[in-house]
Structures are given as C-alpha cells and as structure tokens.
Amino acid sequence: MNKTRCILASCLLLCGLTVSAQRYERVLKSNFWNDSKNVTGVRQDTVSRSYAEAYGKYEGGGFRDTWQASEGWSTGAVTASIRHMEKMTLAGSFSFDQTEGYGMCGSMFIKPGFYPVDVLEFTPGRKTLQTYAFDGGISYDLTKSWRIGAKMDFESANMAKRKDLRHSNWRLDMTVAPGFMYHDGDFALGANYLLRKTSETVEAEQVGTAASSYYAFLDKGMMYGVYSVWSGSGLHLHEAGVMALPVKDFSNGAAVQIQYKGLFAEVEYLHSQGRIGEKEYIWFRFPGNEVGAKLGYRHIGARSEHYARLRLGWKGLGLDESILEKVSENGVTTVYNHGNNRILSRERWTLSPEYEYITSAMEFHAGASVDWTGSLSSQMYPYAYYQSLMTWKAGADMILHLGRFDLGAAASLAGGSVNEEDRMVSGTSGVQTSPFRLQDWYDRQMEYRTASRMDAGISLRYNFRRGIYLKAEGRWLHGFDLKYIDDGNRYGVTLKLGYNF
C-alpha cells in the first residue's frame, strides 16, 4: 500500500503543468503507427501530449468465469507521454495496479488460458495481485528520409492466495523491438525485429494440517488431465528437485509496415518455443507460430475524422509431453528423457473490424470480433477428442461533449457455440481406461464463454480547468439461458481522477 500511495502522489504532482486541448488518447489513436510494432512511426505525427490518472474500481456478481472473483477491488495509477523534438521523439508509459479478489479458486495462473497447460485448485479464498508495467521507445531521424528506433514493453506481476491450498506466483512479460523506417512524402515503409519472453512460476504450499487432503487438477487441454492430491507427482506442483511449476516461452519474429497517405498495413510473424519445467525436469514443450495483420484507413475532413481498422490473426501450437524416467544409482538420481508425445494441437483464428467517427461534439465507435479455436486432444492412445469453439461480439459506444461534461454510453451483444467429436483411432488396443475430464468445471467454463449476453455501460466525465478531470463509469453484464451458472448478472463501477497536459 505504501508503493500505491507513492505512485498516486507522483501522478497527482504532474497537475502543475500547462494544458493542451487535445487529449492524449485521441493523439495516440490518430496515428496508426502507435498501434504497430514499429516505434519509429511515432514521428509520423507531430503533436506532443501526456496524461496521468489514478483510479479505483469494484466488480462483483455471479456471471463470471471459473477463475474470477465473486467480488474484487482494484486501485492503481497510470501515466503516459509522447514528446516530439527536432530530430527525436520519446514515447512511454508507466502503470501500477493492485487488485484484491474474494472467493477465488480455479486456475492458479495470473492469466488463465495464456499457456496451453493450466492448474486448478478448489478452495475459495482471497487473492492479491500486483501488476507493474512500463514501456519506452525512441525514434530518431538519421537523415531526411531514414529513421531508426527501438521500444521495450515490460510487465511484471505477482499474486498470492491467503488460504490453503495457498500459492504464490511471479510473472514476467517483456518485448524488445528495434526497427527502422524509410519515408518520402505520403509514403512510408518500415520493418522491425521482435523478441518476446514470458514466464510464470506457480509455487504452492499447505500450512498446518487439515482433516482432508487438498486436491488439484492439471489441465492438459480441453479440461482433460490429472486430478489428484496437490503434492502428487502427476501435477508437478511439488516434486523433488523443482518444488514449483515454472513456465517459460521465448518468441522471435519480425514485422513489416507500409503507409500511403491515409492507408496503413502491417504484417507480423512470431515463432515461439515454450517449456514447462526446469533443468532436466522438462515435462512439457509447446512450440508455436503466429501471424497477424492490421489494415487501417484514415480520412480527416474539415469538421470530422473517420477511422477504419481491420485485424486478422492466426496462431497454431502443439503441446508435447515428455516421457521421463528417474534412475537412482549409488545414491545419485539421473533423469532420462525417452522422447515426447504430442497430446494437444490447437489452431486459432481471430477477425475484428472497427470504425470510428469523430467531431468536436461527439465520438462514435463501432466494432465486432469473431474468434474460432480448433483443438485436438490425444493424451491417451487410442482416444482422440476434437473441439470447435467459436465466439463473437458486436457493439458500439459513443461520447457526447457537452460543455465541460463528457457523457458516454456503450452496449454490446456476444455469444458463441462449442461442438465436440470423439473417436478411437484403434478398436483393438486393449486399453481399459480413458482420459479423465473435470466435467463440471468444463461445463461451467464453456457456458460462460459461449452464453448469449448483453453488456451495457455509462460514463460521466467532468473536465475542470487546466486539464484535470473526474470520471465515473458503471457497467452491467447479463447472461441469458444459463444452465450451470447460478447468477446471470455481473456489474462494476470505476472512479478516475486524471490530468491531460
């Protein structure tokens, strides 16, 4: 809490600077390069803006995923800036967030679903999550037509659960992206290298004794996996020589950008190599490939601005489980890897178009997204399971500028579907058991992801003199025709105090 107070105070001290009329968020979104992987394009704009903001929010209700809190409180602060100089531009941001969640269980990871393997525990309790993030970039003019630059994004998070089965997590997400640009009049061409590392370590423990043992579940994909006492060797939470569950993922790739007048396009590729375990205890490996594309068009008239964006993404990965054998000889234990089995293959497609219309009196935004994931699980021969999961969302939001007041409203609809097939690749294998699925948790999770829902929100912002503002937001989410989730409502409120300069 002392760190939180210091960060909030630092942001509020910025309120002694001069004010600019155009806000930071509008300047950031008006230049397509700011949303690209190449920081050199930040100099395609010439407007310098900054902002600082402190916030607090509450969220509660029963319409939630299996790992979400029944209710939670968050406080934090963020500051960001773009500053243009004669031959150089600096851009960066810093943020801190602390969240207290109550009644939490399910996934033990900080970002559930980010990795192909998950671990679940089943005792509701309180969790504390702290997240620190910053990014910094520089773009420099070498000549009249050539620029170079580099950017780094860094995020660190730690989480602790206060009740058995208690656990502590440490997460890191870092990306480094050096690049260059050639520009001549209305034409610009850029390219950059991408290096990303993510990691998370889950360390579980039990304090004291209990009348019954605590159980956990290792999800190896599609909620098939191992269910046992949390310290069992099949879960990899508490094994001799490791005593935790470490996950690492390294990605390398490149991105290319091109712009002509109001048209912008970017294509990027990443190849990743992930592993779960450490030293000679590498239990899983998950190699993957990812391709993404962005298209944008901007038209700025005398009294209005139009922006159209389209994003398309594809990602494929496989999950390989190692066949390890421990051999003890003369008091020395050696681990042998006899190979790997491909137990999960996954492919994901995403598509999201959006449109913005902006005038001095209003801002209108409409968007949609479609997400399709196909998964094939083959943990135990001869059983194979295929899943097709599709989700969609469409919505719009608007802000009206009424003197010193900004009145906002947003609404969206979403839903989805899931289909599964199972088959045996051989009828004469002699196998008497089948893979275990945590069916009740799977049913709740799939219902949350695919249930038809309506999301609505309102906001009111008052702009004081010298760029200071106060903003209140409210949100309500409702799910329809629920079978496994008891409550169909989720709600939240947020209060923000900020400064644009």
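Throughout, numbering of the chain's residues begins at 1 and tracks the sequence.
Considering every non-hydrogen atom in both Asn169 and Met108, the closest pair reads ND2-O, 2.5 Å. In terms of heavy-atom proximity, Ala77 sits nearest to Tyr55 at N-CE2, 3.7 Å. Minimum interatomic distance between Gly179 and Thr40 (heavy atoms only, all atoms of both residues): O-CG2, 3.7 Å. Taking all atoms of both residues into account, the shortest heavy-atom contact from Phe464 to Tyr469 is CD1-CA, 4.1 Å. Contact between Tyr115 and Glu200 at its shortest, heavy atoms only, is OH-N, 4.1 Å. Residues Asp118 and Gly113 come closest through the heavy atom pair OD2-N, 4.4 Å.
Salt bridge status for Arg348 with Asp371: present, with a side-chain N to carboxylate O gap under 4.0 Å. One finds no salt bridge joining Glu354 and Lys294 here, because no Lys/Arg side-chain nitrogen approaches an Asp/Glu carboxylate oxygen to under 4.0 Å. In summary, Arg311 and Asp35 engage in a salt bridge, as defined by a charged side-chain N under 4.0 Å from a carboxylate O. Remark: Lys496 engages Glu473 in a salt bridge, criterion side-chain N to carboxylate O under 4.0 Å. Using a cut-off of 4.0 Å between Lys/Arg side-chain N and Asp/Glu carboxylate O, Lys111 and Glu155 are scored as salt-bridged.
A 6.0 Å sphere centred on CD1 of Ile458 holds no more than 12 heavy atoms belonging to other residues, nucleotides or ligands. Atom CZ of Arg126 is surrounded by more than 12 heavy atoms from other residues, nucleotides or ligands within 6.0 Å.
Note that the NE2 atom of His401 and the CD1 atom of Ile399 stand 6.0 Å from one another [nearest 0.5 Å].
Between the side chains of Glu305 and Tyr307, at least one donor-acceptor pair of N or O atoms lies under 3.5 Å. Thr99 and Ser74 are linked by a side-chain donor-acceptor pair at a separation below 3.5 angstrom, with hydrogens and angles left out of the test. Looking at Ser388 and Trp372, their side chains do bring a donor and an acceptor atom within 3.5 Å of each other. Under 3.5 Å, the side chains of His84 and Thr46 contain no donor-acceptor pair of N or O atoms. In the model, Trp314 has a side-chain atom that pairs as donor or acceptor with a side-chain atom of Glu347 under 3.5 Å. Neither side chain, Asn252 nor Gln273, offers a donor N or O lying under 3.5 Å from an acceptor on the other. No donor-acceptor contact under 3.5 angstrom links the side chains of Gln387 and Arg346, judged on distance only.
Using a 4.5 Å heavy-atom cutoff, the side chains of Arg43 and Asp141 are in contact.
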Checklist entry - When you look at Tyr357 and Phe364, which way does the ring-ring contact (aromatic ring centres under 6.0 Å, His included) test go after all the steps? => result CA-CA 5 Å; Tyr357 173 73; Phe364 174 79; 7.7 Å; no
